[in-house]
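Below is one structure, written out as structure tokens; comments come after it.
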Amino acid sequence: HADDKTLYFSPKGHPGLGGYDIYYSHRDDKNNEWNAPKNIGYPINTHRDEMGFCVNAQGDKAYLSSNGILKNGRGKDIYEIDLPEELRPERMEFFEGKVWNAKENRPLQAKIEVYKLENEKVVFQSVSDEMTGEFQAFLPISEDYGYSVTKKGFMPFSGQLERQSDNKKEAKAVNMTAISIGAVAPLNNIFFDFDSNTLKKESFGELKRIIRFLAENPKANIELAGHTDSIGSREYNIKLSERRAKAVYDYMIKHGVPEDRISYKGYGPDLPIASNETDEGRAKNRRTEIRITKY
């Protein structure tokens, strides 16, 4: 199943009720081991063959092929069943979007990665459609994710997927900008504690991708720019944004980026991208960006 931890399969080699029976197993995330498979049992399994088992996004309905549930002489039919609670996988959600070349206003084929913010594990990797720019991922609903979109010759794009209360679709417009001097890319998965310049571990996946971006674009030099909202004094915010930008700088230097390729600066509240009159606007203004200084 797409939750990456529940396996449904139809063997003949395990003791069962008939020919092919449906079994299930769960993977323990802590030790990465699968527990002993269990027979789903009667009345889903019969004395004949059951196979082709799949489960919907909500996890409450399943579909299977069987030639033993009804004696109708037709051979195998496809059945829909209500899945008992103990057999359900984790609920899933859709994440979909469309990638565009911002300057030319046309679809763009780019690489998409979705990863767990907690441990950087990549859970989805694909490319957007060459003709439409569209992509779609199917993800467990209980996790927080970061995502990155990359394309050779373009600035990186990143964002967050927060936990949803249901499996609603969340569409994203991804506008990619070609690399050029002055081009800017927000680092939307850089996190600090309140009023702190200590990087949270959820930031490491984003930072590693920016280091990879620099390795793949050896002609590019960048400035790390820190920004804040307008709450508090301008002088204090300038210093806080500079400390945060330097924390990112120090991480990248520690992980092998040459000092002559990166610099840092704190701009405080001076370059807002949204209104400071709302919580949403202030959240957008509290950000770290990269800006191309040489290419």
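A quick note: this is a predicted structure, and the numbers were derived from the prediction, not measured. When a residue number appears, it is its place in the shown sequence, counting from 1.
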Taking every non-hydrogen atom, the tightest pair across G226 and A245 | N-CB, 3.9 Å

In terms of heavy-atom contacts, does NZ of K116 have more than 12 from other residues, nucleotides or ligands at under 6.0 Å?
-> yes

N/O donor to acceptor pairs below 3.5 angstrom from side-chain atoms of residues 270-278, sequence neighbours left out:
unit_1 : atom_1 : unit_2 : atom_2 : d
D270   : OD1    : R234   : NE     : 2.9
D270   : OD2    : R234   : NE     : 3.3
D270   : OD2    : R234   : NH2    : 2.6
S275   : OG     : E277   : N      : 3.0
N276   : OD1    : S230   : N      : 3.4
N276   : OD1    : N285   : ND2    : 3.0
T278   : OG1    : G281   : N      : 2.9

Determine which pairs satisfy side chain to side chain donor-acceptor pair (under 3.5 Å) with at least one residue from residues 30-40, sequence neighbours left out, and list them in order.
-> D21-N39, Y23-N39, S25-N35, R27-N32, N39-N45

Main-chain N/O of L83 paired to R88 side chain as donor or acceptor, under 3.5 Å | yes

Using the side-chain contact (heavy atoms from CB on, under 4.5 Å) rule, pick out the option among E289, M252, R261 that qualifies with I222.
-> M252

So, the side chain of R287 versus the backbone of P186: is there a donor-acceptor pair under 3.5 Å, distance only?
-> no

State, without any angle test, whether E50 and S66 hold a side-chain donor-acceptor pair at a distance under 3.5 Å.
-> yes

Check the side chains of E130 and Q109 for a donor-acceptor pair under 3.5 angstrom, ignoring hydrogens and angles.
-> no

Counting only N and O atoms by type, is there a donor-acceptor contact under 3.5 Å from the side chain of E118 to the main-chain atoms of D144?
-> no

Taking atom NZ of K201 as the centre, report whether more than 12 heavy atoms of other residues, nucleotides or ligands fall under 6.0 Å from it.
-> no

State yes or no: do I290 and V149 share one hydrophobic cluster built from I, L, V, M, F, W and Y residues joined by side-chain heavy-atom distances below 4.5 Å, directly or via other members?
-> no

Ring centres under 6.0 angstrom apart (F53, F9) = no

Measuring from L139:CG to L161:CG, what's the distance to the nearest 0.5 Å?
-> 6.5 Å

Any donor-acceptor N/O pair, D193 side chain to S196 backbone, under 3.5 Å = no

From CA spacing to verdict: salt bridge (charged side-chain N to carboxylate O under 4.0 Å, His left out), R212, E113 = CA-CA 14 Å; R212 187 170 68 194; E113 280 189 346; 3.7 Å; yes

Roughly how far apart are I190 CD1 and L224 CG, rounded to 0.5 Å?
-> 9.0 Å

Counting distance only, does the side-chain N/O of N189 pair as donor-acceptor with the main-chain N or O of G146 below 3.5 Å?
-> no

List the steps, then state whether salt bridge (charged side-chain N to carboxylate O under 4.0 Å, His left out) holds for K246 with D250.
-> CA-CA 6 Å; K246 187 175 187 302; D250 289 342; 3.0 Å; yes

On the 0 to 90° scale, with breaks at 30° and 60°, tag the F95-Y147 ring pair as parallel, tilted or perpendicular.
-> tilted

Given the rule that I, L, V, M, F, W and Y join up when any side-chain heavy atoms are under 4.5 Å apart, are F204 and I253 in one cluster?
-> yes

State whether the side chain of N101 and the backbone N or O of R106 hold a donor-acceptor pair below 3.5 Å, judged by distance alone.
-> no

Please say which of D195, D279, D229 ends up in a salt bridge (charged side-chain N to carboxylate O under 4.0 Å, His left out) with R286.
-> D229

Between Y115 and R209, is there a cation-pi geometry (under 6.0 Å to ring centre, at most 45° from the normal)?
-> yes

Heavy-atom nearest pair, E223 first then K265, reads OE2-CB, 3.9 Å

Gap between atom NZ of K76 and atom CG of L64 - 0.5 Å precision = 11.5 Å

So OH of Y267 and OG of S241: to nearest 0.5 Å the spacing works out to 9.5 Å

N/O donor-acceptor pair under 3.5 Å between S128 side chain and L108 backbone = yes

Flag yes if more than 12 heavy atoms outside Y295 fall under 6.0 Å of its OH atom; otherwise flag no.
-> yes

So does E80 have more than 12 non-hydrogen atoms from other groups sitting under 6.0 Å from CD?
-> yes

Just say parallel, tilted or perpendicular for the rings of Y24 and H26, cut-offs at 30° and 60°.
-> perpendicular

Rounding to 0.5 Å, atoms NZ (K111) and CD (Q125) come to a distance of 4.5 Å

Kindly compute the distance separating CZ (R244) from CG (L199), expressed to the nearest 0.5 Å.
-> 9.5 Å

Should we say atom CZ of F154 is surrounded by more than 12 heavy atoms from elsewhere, each under 6.0 Å from it?
-> yes

With no hydrogens and no angle check, is any side-chain donor or acceptor of T150 less than 3.5 Å from a backbone partner on P156?
-> no

